[in-house]
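In what follows, chains are A, B, ... by sequence order, proteins preceding strands, each numbered from 1. Note that the coordinates shown come from a computational prediction; the quantities given were computed from them, not determined experimentally.
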Amino acid sequence: MKALARLDLTDAATFPSRRVEEWKYSDLKRFLREAPELSGTAVVGAPGPFYDLGGDAIVFANGRPVGVKDYIASGDQTLRLRFISDATGTGHTASARIVARPGARLLLLETHEGKGSAYVAHNKVEIDVASDAEVTRIVLTDEPDDAISVAEAEVKLEAGGRYRQIIVATGAKLQRLETRLRHEAEGADARVDGIYLLGGSRHADLTSVIDHVGPNGTTSQLIKGVVRDEARGVFQGKILVQKGADDTDARMGHHGLITSERGEIDVKPELIIYADEVQCAHGATVGTLDESALFYMQQRGISADEARALLTQAFLIEVVDRIEHEGAREVVREWLTARL
Amino acid sequence: MAIVQETIDTVAELERYKYGFTTDVEQEFAPKGLNPDIIRFISDKKGEPEWMLEWRLAAYERWLAMEEPTWSAVKYEPVDYQDLYYYAAPVKKEGPKSLDEVDPELLAVYAKLGIPLKEQEVLAGVQGAPKVAVDAVFDSVSVVTTFKEELAKHGVIFMPISEALREYPDLVRQYLGTVVPVSDNYFAALNSAVFSDGSFVYIPPGVRCPMELSTYFRINASQTGQFERTLIIADKGSYVSYLEGCTAPMRDENQLHAAVVEIIALDDAEVKYSTVQNWYPGDAEGKGGIYNFVTKRADCRGDRSKVSWTQVETGSAVTWKYPSCILKGEESSGEFYSIAITNGHQQADTGTKMLHLGKNSRSRIIAKTVSAGKSDSTYRGLVSIHPKATGVRNFTQCDSLLIGKECGAHTIPYIEVRNGSAQLEHEATTTRLSEAQLFYAQQRGLSEEEAVALLVNGFVRDVLQELPMEFAVEAQKLVAISLEGSVG
């Protein structure tokens, strides 16, 4: 197995192929053989889906920060983190760093907004959650179907830190949203949820590595996805419990629906456990919409398409309902419903 | 309470590894090392047809070009392939092979292991047990096969593969290497080049094999690799239940066991393959023990064919194997029931692959993993649904139990679905042995070790139930013995 090099858009040698275990289902090398040319500047257009929730904003246009790119939250704050791509056939990298100070509460609203075509975006964010701080990260993606997009988040949780995440992925030619989270100290609590909703020949990959180093940590993960047409959904979730991370409670669930003949879902939920006082579980299902429910709805005069959309919405909305912030939850619900 | 009593009795008679003796029989070795001459020597010893030698030499060429895989979770000292004996056999007397003429030393070995080689015997300790035909493989050769005549009356062929190569060359040639191709993987290529013995089974159409077939593998000679090759063909509408057992002496060195098992099930055929693997696991410090690198695969070629793998893995220093099913036939079905117990410094990376190619094929996976001491155990599995396989069902359950602070238990399932009509469910849990249950059992007068054995037996019960009766009794005892020294 080849070692995993840090992805660097300027160096084609770092582009992983499916021979790299962590990229088994997302063969970046296949779509990207050479380092792309650097993207030019872009104009920040429409205000983005979370505009109405206010707060501060960090904006990257084709990888270039428009203003600051680091943020330190204290008290109760809202931050919109916008990664805007507007390029054709070129590539760009952005990195942001966000710190929630002890006791802070941060609502982080992240969007990956794409225009143009066949661009390559590589967006990175580092998030430090100090002791007793809470960060809620909500990610929406809206990218062209010929774009390549890799987003990486590196999250550190200190003692008693709380982290809530939901990613709603709509895919691209190859889209990967990776979260690496470490429970550094005692009693941290993480929720790492996700949704993928894919049509056409789109590809979305939700990968997460949750590393329990400190004891008494909690991880809860719920991923739901729907794949239509010839799309491909990927979920790779790894939960590590290191020696000494006693009393860890980690639960992971993935449920996928394929509503077409040629859709594909690949799932790899891993538990790697080196401590014995733990409770860990994962469940994974893949299936299709319930035929009898579809039939029932059609019998009552609902068209097949509408019935399918309703059942899909009911299936996915469970994840959205886990968002605690009411305003954000409503935005995500509407945003998702519009794409069913 | 019978089970409780039995567990107590079992624990009471615990021994570290009671099969660890060596037998001093006169043995014949091929020179150490691996080269085309050794392969010619093995082939010549077995009186094989010319095509077989060529097949072996071609496999050797392939093997030379391959690299040893390193992707598993197991770590081990590299094997020096030139420092092994590839052929070791007890010196045979002249004359027709009948049970009476088998070296009494060898018969004593199997008697000590509790393997009935005399046809009038039944398995010890089981009243009214059905007959079991046994093929006994000692290092590189089969020393005796029982009930051959009675089986022949039903048209069942059960004999060492070396003998089958002489008597039924066409049948062997038709199927050998069709499920596990020569170049499938590093160890399969090595096995194809140097395999020495193993069992060959052919069940004719419509025949329900009148008794259980069983092969008992024994490694005896030191510095010897054992390369068994088993080929089972179940023709249309037939049924067979096949058992496999293995033990080895206690030695400081690591010995390699690289087997290949191929199963072919035609229309409406059913094969049940059960393994109780109890190779020497090494001592308390992790010294010695068997490297068990095995490729086992079943090809459910026929419609409505069924293959069921049941394994109890308690031995070996390192186990690395994935008994798999290729479900090609429509409505074919594959099952995998596994208990893997590691203690001391043992490592196991095991699981299954269910490849669904046929319409309405079904599979079921139940894997129970117990890690104790400083051991490390991984379940790794693949369920893959081909785009053309409509109406597939799969259910997978993997449970891991940790006993102690220094062991590891890992679950790495791969699920690849490329057809919208498939239904898959997978669930996995990892927990430690419940304090409350232990306390409860101890309150009622069981020692801590007895209580652990009882709870673990309960944990693995779903799989034990899948074993043929005579194996289940054995396996239950083995579970307790394997965990000795894991608490307190």
Side-chain angles (χ1 to χ4, degrees), chain A residues 1-2 19 21 24-25 226-230 232-244 246-291, chain B residues 69-73 369 371-372 374 376-435 486:
Chain A
M1 202 191 311
K2 274 164 64 182
R19 294 193 163 274
E21 178 65 22
K24 185 178 165 61
Y25 298 116
V226 175
V227 162
R228 301 181 286 211
D229 309 323
E230 293 166 31
R232 185 180 189 192
V234 177
F235 168 63
Q236 302 187 103
K238 185 190 272 189
I239 293 179
L240 282 132
V241 181
Q242 309 281 6
K243 201 180 259 187
D246 287 334
D247 293 311
T248 290
D249 187 330
R251 275 154 222 283
M252 177 198 287
H254 166 276
H255 305 285
L257 288 183
I258 303 178
T259 63
S260 63
E261 289 211 339
R262 298 174 66 187
E264 173 170 352
I265 292 181
D266 301 303
V267 191
K268 193 172 86 174
E270 282 179 72
L271 296 173
I272 309 287
I273 312 232
Y274 291 102
D276 79 329
E277 303 209 14
V278 296
Q279 293 278 344
C280 294
H282 67 226
T285 61
V286 178
T288 191
L289 286 174
D290 184 355
E291 285 297 329
Chain B
T70 54
W71 47 262
S72 79
T369 307
S371 308
K374 292 181 174 163
D376 216 30
S377 188
T378 304
Y379 168 85
R380 190 189 301 271
L382 167 69
V383 178
S384 143
I385 320 280
H386 194 261
K388 290 199 172 115
T390 50
V392 168
R393 281 288 278 129
N394 160 267
F395 175 78
T396 304
Q397 188 186 343
C398 310
D399 296 318
S400 306
L401 191 64
L402 291 147
I403 304 173
K405 290 224 165 288
E406 292 182 85
C407 53
H410 320 303
T411 316
I412 311 179
Y414 294 72
I415 302 165
E416 301 174 2
V417 189
R418 296 168 69 196
N419 186 294
S421 63
Q423 262 196 68
L424 281 94
E425 289 153 60
H426 171 103
E427 53 185 82
T429 62
T430 305
T431 47
R432 67 177 310 210
L433 211 53
S434 152
E435 291 281 354
S486 63

| query | Hey, would you say the A:Tyr274 and B:His410 ring centroids sit under 6.0 Å apart? | reply |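 For A:Tyr274 and B:His410, the ring centres are under 6.0 Å apart.
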| said: Between B:His426 and A:His254, is the ring centroid distance below 6.0 Å? | reply: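 Not close enough - the centres of the two rings lie 6.0 Å or further apart.
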| query | Between B:Glu416 and A:Lys268, is the closest basic N to carboxylate O distance under 4.0 Å? | reply |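 A salt bridge is absent here (no side-chain N lies under 4.0 Å from a carboxylate O).
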Find the one option among [options] whose heavy-atom pairs under 4.5 Å with chain B are most numerous.
| options | result |
| --- | --- |
| A:Val286, A:Thr285, A:Ile258, A:Thr288 | A:Val286 |
| A:Leu257, A:Thr259, A:Asp266, A:Val241 | A:Asp266 |
| A:Glu261, A:Lys243, A:Glu277 | A:Glu277 |

| request: Just give me the residue among B:Leu402, B:Thr429, B:Asn419, B:Leu424 that pairs up with chain A most often, heavy atom to heavy atom, under 4.5 Å. | output: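 The answer is B:Leu424.
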| request: Select, from B:Lys405, B:Glu406, B:Gln397, the one with the greatest count of heavy-atom pairs under 4.5 Å involving chain A. | output: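 Heavy-atom pair counts peak at B:Lys405.
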| field | Engaged part of B:Ala428 at the chain A interface, taking heavy atoms whose separation is under 4.5 Å | value |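 Answer is both: backbone and side chain atoms of B:Ala428 are under 4.5 Å from chain A.
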| field | B:Asp376 portion near chain A, given a 4.5 angstrom heavy-atom threshold | value |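 Side chain only.
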| Atom CZ of A:Arg19 and atom CH2 of B:Trp71: how far apart are they, to the nearest 0.5 Å? |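 Atom-to-atom, A:Arg19:CZ and B:Trp71:CH2 are 14.0 Å apart.
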| From CZ (B:Arg432) to CG (A:Asp247), nearest 0.5 Å |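 Here the interatomic distance stands at 8.5 Å.
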| task | State whether the number of non-hydrogen atoms from other residues, nucleotides or ligands found under 6.0 Å of B:Lys388 atom NZ is greater than 12. | result |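 It does not: B:Lys388 NZ has 12 such atoms or fewer within range.
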| message | Can you confirm whether more than 12 heavy atoms, excluding those of A:Arg262, are under 6.0 Å from its CZ atom? | response |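 Not more than 12 within 6.0 Å, no.
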| Interchain contact, A:Lys238 with chain B, by part (heavy-atom threshold 4.5 Å) |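 When you check distances to chain B, no heavy atom of A:Lys238 falls under 4.5 Å.
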| message | Which atoms of A:Phe235 are under 4.5 Å from chain B, going by heavy atoms: the side chain, the backbone, both sets, or neither? | response |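 Answer is neither: A:Phe235 stays 4.5 Å or more from chain B.
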